[in-house]
Amino acid sequence: MTRVLGIDIGGSGMKAAEVDTDTGEVVSDKFRIKTPKPATPEAMADVVRQLTEHFDWTGPVGVGFPGVIQKGVIKTAANLDKSWVDVDGDKVFTEASGCDVVMINDADAAGLAEMRFGAGVDVPGTVILLTLGTGIGSAVFSNGVLMKNTEFGHLELNGKIAEERASSRIKEEKDLSYKEWGKALEKVLQEIEKLFWPNLFILGGGISKEFDNYVEHLDDVRTSIVPAQALNRAGIVGAALAHAIS
Ligand code: BGC
């Protein structure tokens, strides 16, 4: 059994658990600490240290981060403190925790988990996973191979980016009905399918639990749409997998 500590960083919480990367199972309790405000590299590095200490962890750590990451360096941080930009995240978290830390975009992480253990297993061709949360994240796979760092949440539709129209945060903030929100999401999916012609969409994020309440409002999308199977676990499991494949 290969055990990796997976840490999923979100706009509101930083969650960690031990993952068996051979089976995709979470093999410990989950432990969550609120994302500090402002969410600076220093403040978040301290939380990563606390999370590893909680698990008495000295082994490998995989971290899912809500931004573009190239060779460990953070390039965007739409929903965190902007001082993250151009910081070597792998280095900052490795130094703070004393563990070997590898970072990956959070949606890419969720996608890896779904392709290996969830809704994308054995699905050929182009599979696109979207995570619907504070922002919208995306992961694109071609015959099971991840094309890292796509940012479909930042696609502009009528002058407004997709995550300002159809993230689950917007549903809450604007108190949208499933129908109103579903129709906004449908437009985003239609735009993506026009450009990529995927074989499958997988919808993740906490709101994937409510899939049955909104799928009927996505009826003008021609691509098959399924909810993520690993649900909230995908972020942590995928973060751990990022370490395993690095
Ligand atoms: C970020 C993405 C991230 C997504 C979900 C977006 O604002 O730009 O990198 O995957 O939020 O957290």
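Positions are given from 1 along the sequence. Just so you know, ligand 1 is whichever comes first in the structure, and atom 1 is the first atom listed for that ligand. Every value quoted in this text rests on a predicted model; they were computed, and no experiment measured them.
With rounding to the nearest 0.5 Å, the separation of OG1 in Thr223 from CD in Glu193 is 3.5 Å.
Under the salt bridge (charged side-chain N to carboxylate O under 4.0 Å, His left out) criterion, the residue pairs touching residues 78-91 are Lys75-Asp86, with sequence neighbours excluded. Listed by first then second residue, pairs satisfying salt bridge (charged side-chain N to carboxylate O under 4.0 Å, His left out) with a partner in residues 150-166 read Glu164-Arg169, not counting sequence neighbours.
In this structure Asn149 satisfies the side chain to side chain contact (heavy atoms under 4.5 Å, CB included) test together with Val68, Gln70, Asn105, Asp108, sequence neighbours excluded.
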In a simple table, one pair per line, please give the protein and ligand 1 atom names for every N or O pair closer than 3.5 Å, along with the distance.
residue, atom, partner, partner atom, Å
ligand 1, 7 (O), Asn79, ND2, 3.3
ligand 1, 7 (O), His154, NE2, 3.3
ligand 1, 7 (O), Glu163, OE1, 2.8
ligand 1, 7 (O), Glu163, OE2, 3.0
ligand 1, 8 (O), Glu151, OE1, 2.6
ligand 1, 8 (O), His154, NE2, 2.9
ligand 1, 9 (O), Gly67, N, 3.2
ligand 1, 9 (O), Asn105, ND2, 2.9
ligand 1, 9 (O), Glu151, OE1, 3.4
ligand 1, 9 (O), Glu151, OE2, 2.6
ligand 1, 10 (O), Asn105, ND2, 3.2
ligand 1, 10 (O), Asp106, OD1, 2.5
ligand 1, 12 (O), Asp106, OD2, 2.6

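Between Phe55 and Phe31, the angle of the ring planes goes over 60°, which puts this pair in the perpendicular group of the 30/60° scheme.
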### Query
Could you walk me through whether Phe65 and Phe93 pass the ring-ring contact (aromatic ring centres under 6.0 Å, His included) check?
CA-CA 12 Å; Phe65 181 92; Phe93 285 172; 7.4 Å; no

